[in-house]
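Order of the sequence lines fixes the chain letters, A, B, ..., with proteins taken first and strands second; residue numbering starts at 1 for each chain.
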Amino acid sequence: MTTENTPAVEDDLPEQLRIRREKRAGMIERGVEPYPVAVERTKSLKDIREKYTGLEVDVTTGDIESLTGRIIFKRDTGKLCFATLREGDGTELQAMLSLDKVGQEALDAWKSDIDLGDIVSVTGEIITSKRGELSILAHSWKLASKSLRPLPNDHKPMSEETRVRMRYVDLIVRPEARVAARMRPQVMRSLRDTFNNFDFIEVETPMLQVMHGGAAARPFKTFSNAYDMDLYMRIAPELFLKRCVVGGIERVFEINRNFRNEGADSSHSPEFAMVESYMSYGDWRSIADVTRTLIQNAAMAVAGSHVVTHADGSQKDLSGSWKEISLYDAISEGVGETVTALTPHADLKKYAEKLGMKIDPKWVTGKLAEEIFEHVASDQLIEPTFVMGYPVDTSPLVRAHREIPGVVEKWDLYVDGFELATGYSELIDPVIQRDRLVEQAQLGAKGDLEAMQVDEDFLRAMEFGMPPMGGMGMGVDRLLMALTGLGIRETILFPLVKPEVE
RNA sequence: GGGCCUAUAGCUCAGUCGGUAGAGCAACGGACUUUUAAUCCGUGGGUCGACGGUUCGAGCCCGUCUGGGCCCA
């Protein structure tokens, strides 16, 4: 039984795995290749489904084709066998194998060698069965790839853990997984189309950075042997995109991965796709319009409407111009006192304590205000809402509000209760920018792990003159969440999971 | 970081009061030329997440650890 090609079957394997390995070995013994280099395929199952829609019951077409697919249903009877083939997009077609067409030997081999999950090529005539099912009636068949593991029960959903750990199986068995996987590239294409229509230029900027910056977040640190120095995985592309604007790429965007060394939950992944964009001679309002257009066009691309249907069946209306609320007005309403960006830290702390909030003593005044906002208002942010006007001390890259003291021209866009995007009127004064970054570095020196560093090259770029501009950033995974109602791990094909223990 | 839930056959899950480990699908052997989660007859498949404790006896009770989920900060 054992040959060079067929190592000894491990006898400690579970029964079903062992049997399939034995089938593979047996086929090789008989000179049948379980993993051939090529099999016949003249059309896709989808081609067949489209070509023969509306065919009458129990007809023969005379058309001979070779079709391939994974067997997801198999019913062997005495002299007539049925199988359902499925291809990658979920299209299915029935294959029929009858004794009088394929002969005794091929029929017996089909019954004994072929299992659920195997990929096969079937050559035969396109017909409809007596029950009206569009089918291929085999003249011959060939194994394309032997599956050594049984597929999960097709009729019971896999547990969430199994789906994430074995996404390849999830994609085989669960239609929603196939839809989600195909929706992301649709959204990406839509985002790029929208940017192109607005004459934005796409760039790619470093993911491995000597300094991290552009957001308040803890970075992943790594080390370059060649340069003998520490490097950081980027937390945001902002400072490089702004360098592009200095260089005259007046409208610029990037869609790429960011990495943040922080907690992971149903809306946070350590690596996540982000679209970030800067528009010269724009401001926080014009970039908000761009952002809304990006999202509405993406909805149109995947749902054909600005009203999207979530996984739970609920409908979310993303149409229109969207609600705007002021951050400090919302806080004032929530605490029953007038709160502004000038309200002292001690007063904010008093309000927060009254709300029963747990307060981190490291929070600066602006951070405390934002935390109070999230505590009192986040439930009201289900419909798309721009929250306008953030405190200056948490927004070191944003320019001061043109009227309101202590506030910067920054908005956060909330949908379904989570932050989907953020946008600014960008700070372009290099002297103020240096002061803000130095403040950040001082916070960092005092132990704030999310503080930014002083990026001298970035400041030098600004000193050459940066046009007034609006900028925005949006999580692509979160955009998919807003469009589908799925958790972030369902929008990412292969989210990080801890290794299984042996 | 804190709280709650959870881990049993390939998959999805039951498992009562602590007393020989169960189902459906899947698998194996047999019958069946129109099945659609076929049907019928028969059969096999388990380190009950890991380690420790209590007990005459632990899937079940207790502790620790690990993985997963939900909620909170």
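- Base pairing annotation: B/U39 forms a Watson-Crick or G-U wobble pair with B/A31, both donor-acceptor distances under 3.5 Å.
- For the P atom pair drawn from B/A26 and B/C11, the interatomic distance equals 15 Å after rounding to whole Å.
- Between the C1' atom of B/U34 and the CG atom of A/Leu99 lies a distance of 15 Å, rounded to the nearest Å.
- Put simply, CZ on A/Arg149 is 9 Å from P on B/C11, counting in whole angstrom units.
- Residues A/Asp100 and A/Val164 both approach RNA chain B. Their nearest nucleotides, taken by heavy-atom distance, put A/Asp100 toward the 5′ side.
- Atom NZ of A/Lys74 is separated from atom CG of A/Asp115 by 6.5 Å, given to the nearest 0.5 angstrom.
- Closest heavy-atom contact between A/Arg436 and A/Pro396: NH1-O, 3.4 Å.
- Comparing B/G52 with B/A9, their C1' atoms are spaced 27 Å from each other, to the whole Å.
- Taking 3.5 Å as the limit, the base of B/A26 and the side chain of A/Gln16 contain a donor-acceptor pair of atoms between them.
- Across the protein-nucleic acid pair, A/Leu13 atom CG and B/G46 atom P stand 12 Å apart, rounded to whole Å.
- For the side chain to side chain contact (heavy atoms under 4.5 Å, CB included) with A/Arg257, the lone residue among A/Arg234, A/Met233, A/Glu271 that qualifies is A/Glu271.
- Distance from the side chain of A/Pro150 is smallest for B/A26 among the nucleotides B/C28, B/A26, B/U34.
- Side-chain atoms of A/Ser332 and A/Asp329 form no donor-acceptor pair, as typed in the model, at a separation below 3.5 Å.
- Across B/G59 and B/G19, the matching P atoms stand 10 Å from one another, rounded to whole Å.
- Here B/A27 presents its P atom at 15 Å from CD of A/Glu22, a figure rounded to the nearest Å.
- Computed from coordinates, the A/Lys23 NZ to B/G29 C1' distance equals 12 Å when rounded to whole Å.
- Nearest-nucleotide positions on RNA chain B for A/Gly78 and A/Asn153 put A/Asn153 closer to the 5' end.
- Base pairing annotation: B/C70 forms a Watson-Crick or G-U wobble pair with B/G3, both donor-acceptor distances under 3.5 Å.
- Going from the C1' atom of B/U6 to that of B/A73 covers 23 Å, rounded to whole Å.
- The NZ atom of A/Lys498 sits 10.0 Å away from the CZ atom of A/Arg165 when rounded to the nearest 0.5 Å.
- Rounded to whole Å, the P atom of B/G46 lies 14 Å from the corresponding atom of B/A23.
- Comparing B/C28 with B/U66, their C1' atoms are spaced 35 Å from each other, to the whole Å.
- Here, B/U47 and B/U43 have their C1' atoms 24 Å apart, quoted to the whole Å.
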